[in-house]
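All heavy atoms count here, side chains included; hydrogens, waters and symmetry mates do not. Chain A is the first sequence line, chain B the second, and so forth, proteins listed ahead of strands; every chain is numbered from 1. The structure displayed is predicted, hence computed values, not measured ones.
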Amino acid sequence: MDIELAGLTKRYGATTAVDGIDLKIRSGSYCCLLGPSGCGKTTTLRMIAGHETVSAGDVVIGPRAVGDLAPAERGTAMMFQSYALFPHLTCRDNVAFGLRMRGVAKAERHRRAEAMLRLVQMEALAERLPAQLSGGQQQRVALARALVTSPKVLLLDEPLSALDPFLRVRMRTELKRLQGELGITFVHVTHSQEEAMALSDLVVVMNAGRIEQAADPRTVFERPATAFVARFIGGHNVITLPDRRVAVRADRMLLGPEAGPEAVAAQVVAVEYQGSAVHLGLTAPDLVTDAGTPLTAILSDRAFAARPLRPGDTVRLGWQPGEAHRLDA
Amino acid sequence: MSLASERAMPVPAAAAARPAAAPGLAAQARRQRRLAYWQAAPLALVFLAFFAVPLALTLMVSFWEYNEYEIIPSFTLQNYADVFEGCFSGGDLCTTFRTYLSTLKFCLLAWAFTLGIGFTVAYFVAFHVRSSAMQTVLFLLCTIPFWTSNVIRMIAWIPLLGRNGLVNDGLMALGLTRAPIDGLLYSDFAVVLAFVHLNTVFMIVPIFNSMMRIDRSLLEAARDAGASDWQTLWTVIVPLCKPGIAIGSIFVLTLVMGDFVTVGVMGGQQIASVGKVIQVQMSYLQFPAAAANAVVLLGAVTLVIAGLTRLIDLRREL
């Protein structure tokens, strides 16, 4: 179902956690709310879920405003950051919990819970208690529990942050696969731009309770709306020119003879070998950056090998005019 | 004691991880183990002196003989036979069984009321009071009655419940009753009232402790799954409070089973209880008989607790 947020605001006393945001999430899309901690992304998710009251504005899910509805009446289900599995219930009973609350008969709810556990490949451990499961397994059970009542919208609060990096990438793939199979709307809160890029159809970058940019990942990366977005998603140099501010992708920075007519002199301050690419840190006295942070240039390993550089070397630095993307603020 | 030695175990394990000569390691492990025993020794000695030895003495004396003026070391089962005299001959219930039934009745009533009130109070403080400062204040408030002694708290009921006490005066002034109600004091009602008053806090504390350990996101997860407040209470909170309920129940049941003061004062010395029987026998210097009764009572209490721990595996839950 479509989700629409209209002037959604959350105030705690004098502080405003979410400041009048407007957003449309199309039915069946994977949406990531991305931002640093304290930017209001989790509060937004909890307001959609119905676990947080709304100070002003509205949440519309499908055809109706859900302002005062209880979570279960909204057609949403939430997966909690710490999974919040019931420690006294087995996996099967955890998954069947929502059905039990709705008065589904025991045999029927066990059948459906087991079907859900199969979907997340946990059917073999149905009798275990949550404490006997690893983090990744707990997460699968939490996912099954959220999905068992056939929600139209699944809300995920930093679902991958408690996993180790290897597992995180695997679960990420699986979330995307599940979302494709089920065809329901996923809203996923994360502070990892990599996760947001990999998963979403719609990335919503938030900062200080406001939306900085809401677009598909490619647009966000190629045309960041603001300096904040360019910095937060990374891979960009934010440069202040006399008449405007621009973002230039680090992998489009040109060094040496190709650097073009507007090139400036720069000094190499850091060389990081990353396997397929080499990251260079550079300072250029003629280019104004935020707080004087070094510029980054990413070269392919082959290009770097053709013309190696070492810290202290001086080199010409520039970019094609078309690569400088103008920023709003 | 075993707990202390288990706790000390990780230390030698950590020491073993250090690359060092093997003989030194073994010596260090031995030293650590000796240290663990020393650490457990003070509590073990206290237990020995004030629990194990008196218990053994009681058990021993329960097999001795006695007459009007002396107790005689020997081995006889007569005292136990006296306790159960006439109990297995059929017909009317023997005195001992009737006394135990009466004590069990008080136990059940006191347990039911303390559990109901204790759970409600703990629930209110744990889940309805939002600020943790207020929670601490209210929790301490629950323990304030303990600043006065048991006896004073019991006696305080007398001017309230007596024939010409505050309650009767108030009821008559309101015109609700013509004559004072006699059953308020020196009755089963008064005994249960005092038990509940004295012991509810023993329910509140462990149940509150269990409740504070429940992750709040579980309640949200239950709500998210469509559970009403009532369903959340029965399917999430009560099961997770089981250890607290069990500990509180053990406190209340053992305190009520062995009581003789409350039953005496609030029952006007007219109501029998197992503790009272033992006290009376002690006052007639019939120590072996009292000891035999005490051993039977200990057996009964142990059975009740064993039943409770069968329901809830406390060691796993803690």
Which atoms form the tightest heavy-atom contact between Ala225(B) and Arg102(A), and what is the distance? O-NH1, 2.9 Å

Check each atom of Asp224(B) against the heavy atoms of chain A and say whether the ones under 4.5 Å are side chain, backbone, both or neither. both

Heavy atoms only, distances under 4.5 angstrom: which of His51(A), Glu73(A), Met78(A), Met79(A) has the most pairs with chain B? Name it, please. His51(A)

Enclosure of Phe251(B) CZ (heavy-atom neighbours >12, cutoff 6.0 Å): no

Which distance, rounded to the nearest 0.5 Å, do you find between the OG of Ser217(B) and the CD of Gln81(A)? 9.5 Å

Answer yes or no: does atom CG of Asp58(A) have more than 12 heavy-atom neighbours from other residues, nucleotides or ligands under 6.0 Å? yes

Quick one: CG on Leu218(B) to CZ on Phe80(A), what's the gap to the nearest 0.5 Å? 9.0 Å

Atom CZ in Phe86(A), atom CG in Leu240(B): separation rounded to 0.5 Å? 9.0 Å

How long is the gap from OG1 on Thr235(B) to CG on Asp93(A), to the nearest 0.5 Å? 11.0 Å

With a cut-off of 6.0 Å (strictly less than), are more than 12 heavy atoms of other residues, nucleotides or ligands near NZ of Lys24(A)? no

Is it the case that more than 12 heavy atoms not belonging to Arg177(A) sit under 6.0 Å from its CZ atom? yes

Please check if the number of heavy atoms outside Asp68(A) that lie under 6.0 Å from its CG is greater than 12. no

Considering only heavy atoms and a distance below 4.5 Å, find which of Leu89(A), Val148(A), Leu85(A), Thr149(A) pairs most often with chain B. Leu85(A)

Start with the C-alpha distance between Thr232(B) and Met101(A), add both sets of side-chain angles, then the distance that settles side chain to side chain contact (heavy atoms under 4.5 Å, CB included), and finish with yes or no. CA-CA 9 Å; Thr232(B) 307; Met101(A) 294 303 111; over 6 Å; no

Measure across His88(A) and Pro239(B) and return the closest heavy-atom pair with its distance rounded to 0.1 Å. CD2-CB, 3.3 Å

Which atoms of Arg74(A) approach chain B - backbone, side chain, both or neither, heavy atom under 4.5 Å: neither

Might you point out which heavy atoms bring Ala222(B) and Phe97(A) nearest each other, and give the distance in Å? CA-CE2, 3.8 Å

Determine whether Arg100(A) and Gln231(B) satisfy the following criterion, side chain to side chain contact (heavy atoms under 4.5 Å, CB included), listing intermediate values before the conclusion. CA-CA 10 Å; Arg100(A) 185 172 149 208; Gln231(B) 284 176 316; over 6 Å; no

Is atom CZ of Phe113(B) surrounded by more than 12 heavy atoms (other residues, nucleotides or ligands) closer than 6.0 Å? no

Side chain / backbone / both / neither for Leu99(A) at chain B, heavy atoms under 4.5 Å: neither

